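Have a look at the structure below, then the notes.
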Amino acid sequence: MNRSVNRTGIEGLSIYPRSPVTQGSSTFFLGRWQKDGSKVLGIRGDSSGFVDIVHDPSGVVLCPLSAANAEILRVRLPWLRPALLGLKTSAGFGDRLGLATPGHIRSIRETPAGTEMIAPIFAQQSVRENSRTGRTPQQVMDDAMWGVFQEGWRASWGADADHLKTPEDVDAFAKAGYTFFTIDPGDHVDDSVEELSDNELEVRFRAAPWQALEDTPADLQRRYLDGSLDLPGLDVTIEREQLLRAVAKYGAAVAHTVSMYRHLVNTIGEGKFELEVSVDETESPTTAVEHIYIANELRRLGVSWVSLAPRFIGSFEKGVDYIGDLGVFSSEYSRHAAVARALGPYKLSLHSGSDKFSIYPIAARHSGGCQSSPAGPT
């Protein structure tokens, strides 16, 4: 390589103006070759640990944007690692092709008080999406990280392993350093209970996975039907038929979520990740009583989570506004928000939440701003 240094950097290399950062005795920056548009990591100073490096006569070291170099850069610049976001209002950006994170960052910077009000989740993909795009969890993470580096983003950001269905799904995301795991027990939700007769419902209730739930039908009914259920700020009476339908519909989903959570604890460690529970990809809306059952049972079984995505009433299609009665949505959302306050606090998540402009004010009003809105089709 025989290039000289000019005012903007190495000849033929445009340096992204927000990327340069000095840490210790080294300066790092991201550059783009004008000839072919490819990007490189530039280092002036200590380049130990980086691989496949090329020494330019100017004294700058150039490195490819490889997974190995991404990991070393994360060690040198810790803010390039995703963080735990807690209950701060968050938004998932869902960069499907690994190209959009710089634009996402510029968009949130241009939002009034954006960095104070919204915690961005830049790396966000599901197993299903990765299989369709041919990307791996590590590639998604690294692409988001290079975007963060390019734009000089220093605030916290998240990485969501979205819609995980099996323990095997978890492992590759955990290895890649994801911090937020969305468990999707939708395959274990039984929507058919809506049509069952009383006798059929009784049979389905008795067939729930009681051993996995560490429970019995008698103990469960005592908890919910004898008036001892403590739900601060929530005035609700649960009828036996409502309880049976909640168990028949969501019992297996609760058991599966507990199993997935315990696998995450064993894999990553308790307190080192955040959990979202998602039952939104089902046919029938989640009622307030069903929400109470899901959250209360997860809490009883030792699950810790920061966000829950019920199946809200109405239709959430991709790329268009909410389809449904806004008055009904507002009434139902307020009930779910009350449950989240009583049994949490935790965030309510609007899946496929992008472009749903008509319901954002409703959600913010009822939740007090404590919400999560994954953007993409997960």
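Bear in mind the structure is a predicted one, so any value in this text is a computation, not a measurement. Positions are given from 1 along the sequence.
Side-chain atoms of Pro20 and Ile15, non-hydrogen and from C-beta on, do get closer than 4.5 Å to each other. At a threshold of 4.5 Å between non-hydrogen side-chain atoms, the residues Asp171 and His263 count as touching.
Glu290 and Arg311 are not joined by a salt bridge, as no carboxylate oxygen comes within less than 4.0 angstrom of a charged side-chain nitrogen. Under the 4.0 Å criterion applied to side-chain N and carboxylate O atoms, Arg206 and Glu202 are assigned as salt-bridge partners. Salt bridge absent: Arg132 and Glu129 never bring a charged side-chain N and a carboxylate O closer than 4.0 Å. Under a 4.0 Å N-O distance rule, the pair Arg240/Asp198 does not qualify as a salt bridge. Under the 4.0 Å criterion applied to side-chain N and carboxylate O atoms, Lys347 and Glu274 are not assigned as salt-bridge partners.
A donor-acceptor pair shorter than 3.5 Å can be found between the side chains of Asp191 and Ser284. No side-chain N or O of Ser19 forms a donor-acceptor pair with one of Gln150 less than 3.5 Å apart. Between the side chains of Ser26 and Gln23, no donor-acceptor pair of N or O atoms lies under 3.5 Å. Looking at Tyr250 and Thr286, their side chains do bring a donor and an acceptor atom within 3.5 Å of each other. Residues Ser25 and Asp46 have side chains that never bring a donor and an acceptor to within less than 3.5 angstrom of each other. With 3.5 Å as the limit, one finds no donor-acceptor pair spanning the side chains of Thr179 and Arg81. Using a 3.5 Å distance cut-off with no hydrogens or angles, the side chains of Asp143 and Gln139 do not pair a donor with an acceptor. Judged purely by distance below 3.5 Å, without hydrogens or angles, the side chains of Glu317 and Ser315 pair a donor atom with an acceptor atom. A side-chain donor-acceptor contact under 3.5 Å links Thr22 and Thr27.
Here side-chain hydrogen bond (donor to acceptor under 3.5 Å, both in side chains) pairs that include residues 209-218, with residues two or more places apart or in two chains, are Glu214-Arg262, Asp215-Arg223, Thr216-Asp219.
Taking the six-membered ring for Trp and thresholds of 30 and 60 degrees, Phe357 and Tyr360 have ring planes more than 60 degrees apart, a perpendicular arrangement. Using cut-offs of 30° and 60° for the angle between ring planes, the Phe181 and Phe273 rings count as perpendicular.
The main-chain N or O of Pro217 is found under 3.5 Å from a side-chain atom of Gln221 such that the two form a donor-acceptor pair. Of the possible donor and acceptor atoms, none in the side chain of Ser330 sits under 3.5 Å from a partner among the backbone N and O of Leu326. Of the possible donor and acceptor atoms, none in the side chain of Ser47 sits under 3.5 Å from a partner among the backbone N and O of Ile43. At least one donor-acceptor pair closer than 3.5 Å links the side chain of Gln242 to the backbone N or O of Glu239. Judged by distance alone, the side chain of Asp95 and the main-chain N or O of Gly98 form a donor-acceptor pair under 3.5 Å. Proximity of a side-chain donor or acceptor of Asp142 to a complementary backbone N or O of Ala70 within less than 3.5 Å is not detected. Checked by atom type and distance alone, the side chain of Ser107 pairs as donor or acceptor with a backbone atom of His104 at under 3.5 Å. Of the possible polar contacts, one joining the Glu200 side chain to the Ser197 backbone as a donor-acceptor pair under 3.5 Å is found. A distance-only check finds no donor-acceptor pair linking the side chain of Arg44 to the backbone of Gly42 [under 3.5 Å]. Although no hydrogens or angles enter the test, the distance criterion places no donor-acceptor pair under 3.5 Å between the side chain of Asn69 and the main chain of Phe50.
Note that CH2 of Trp157 is 13.0 Å distant from CD1 of Ile108, once rounded to the nearest 0.5 Å. Met260 CE to Asp169 CG: the interatomic distance, rounded to the nearest 0.5 Å, is 6.0 Å. Atoms CG and CD, from Leu348 and Glu276 in turn, are 10.0 Å apart once rounded to the nearest 0.5 Å. Rounding to the nearest 0.5 angstrom, the gap separating the CG atom in Leu343 from the CG atom in Leu308 is 10.0 Å.
The environment of CG in Asp226 is crowded: more than 12 heavy-atom neighbours from other residues, nucleotides or ligands sit within 6.0 Å.
Partners of Glu194 under the salt bridge (Lys or Arg N to Asp or Glu O under 4.0 Å) rule, at least two apart in sequence or in another chain, are Lys249. Remark: Arg18 pairs with no residue by the salt bridge (Lys or Arg N to Asp or Glu O under 4.0 Å) rule, at least two apart or across chains. Not counting sequence neighbours, Asp355 has no partner by the salt bridge (Lys or Arg N to Asp or Glu O under 4.0 Å) test. When the salt bridge (Lys or Arg N to Asp or Glu O under 4.0 Å) test is applied to Lys165, the partners found at least two apart in sequence or on another chain are Asp184, Asp187.
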Stepwise, does the side chain to side chain contact (heavy atoms under 4.5 Å, CB included) test hold for Tyr178 with Asp160?
CA-CA 6 Å; Tyr178 284 68; Asp160 179 13; 5.6 Å; no
One pair to check against side chain to side chain contact (heavy atoms under 4.5 Å, CB included): Phe149 and Leu41. What are the steps and the verdict?
CA-CA 10 Å; Phe149 178 52; Leu41 168 65; 3.7 Å; yes
Let me see the working for Asn296 and Leu298 under side chain to side chain contact (heavy atoms under 4.5 Å, CB included), right down to the final yes or no.
CA-CA 6 Å; Asn296 198 53; Leu298 290 176; over 6 Å; no
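Between Ala337 and His366, the closest heavy-atom pair is CB-O, 3.4 Å. The two residues Tyr293 and Gly251 come nearest to each other via the heavy atoms OH-CA, 3.5 Å. Taking all atoms of both residues into account, the shortest heavy-atom contact from Val193 to Ala248 is CG1-CB, 3.6 Å. Nearest approach of Arg76 to Phe28, heavy atoms of both residues: NH2-CZ, 3.6 Å. The shortest non-hydrogen separation linking Tyr322 to Lys356 is N-CD, 3.4 Å. Of all heavy-atom pairs between Leu13 and Gly31, the closest is CD1-C, 3.7 Å.
You'll find the ring centres of Phe312 and His351 outside the 6.0 Å limit. The ring of Phe122 has its center closer than 6.0 angstrom to the ring center of Trp153.
Hydrophobic side-chain contacts under 4.5 Å tie Leu97 into a cluster, directly or through other members, with Leu99.
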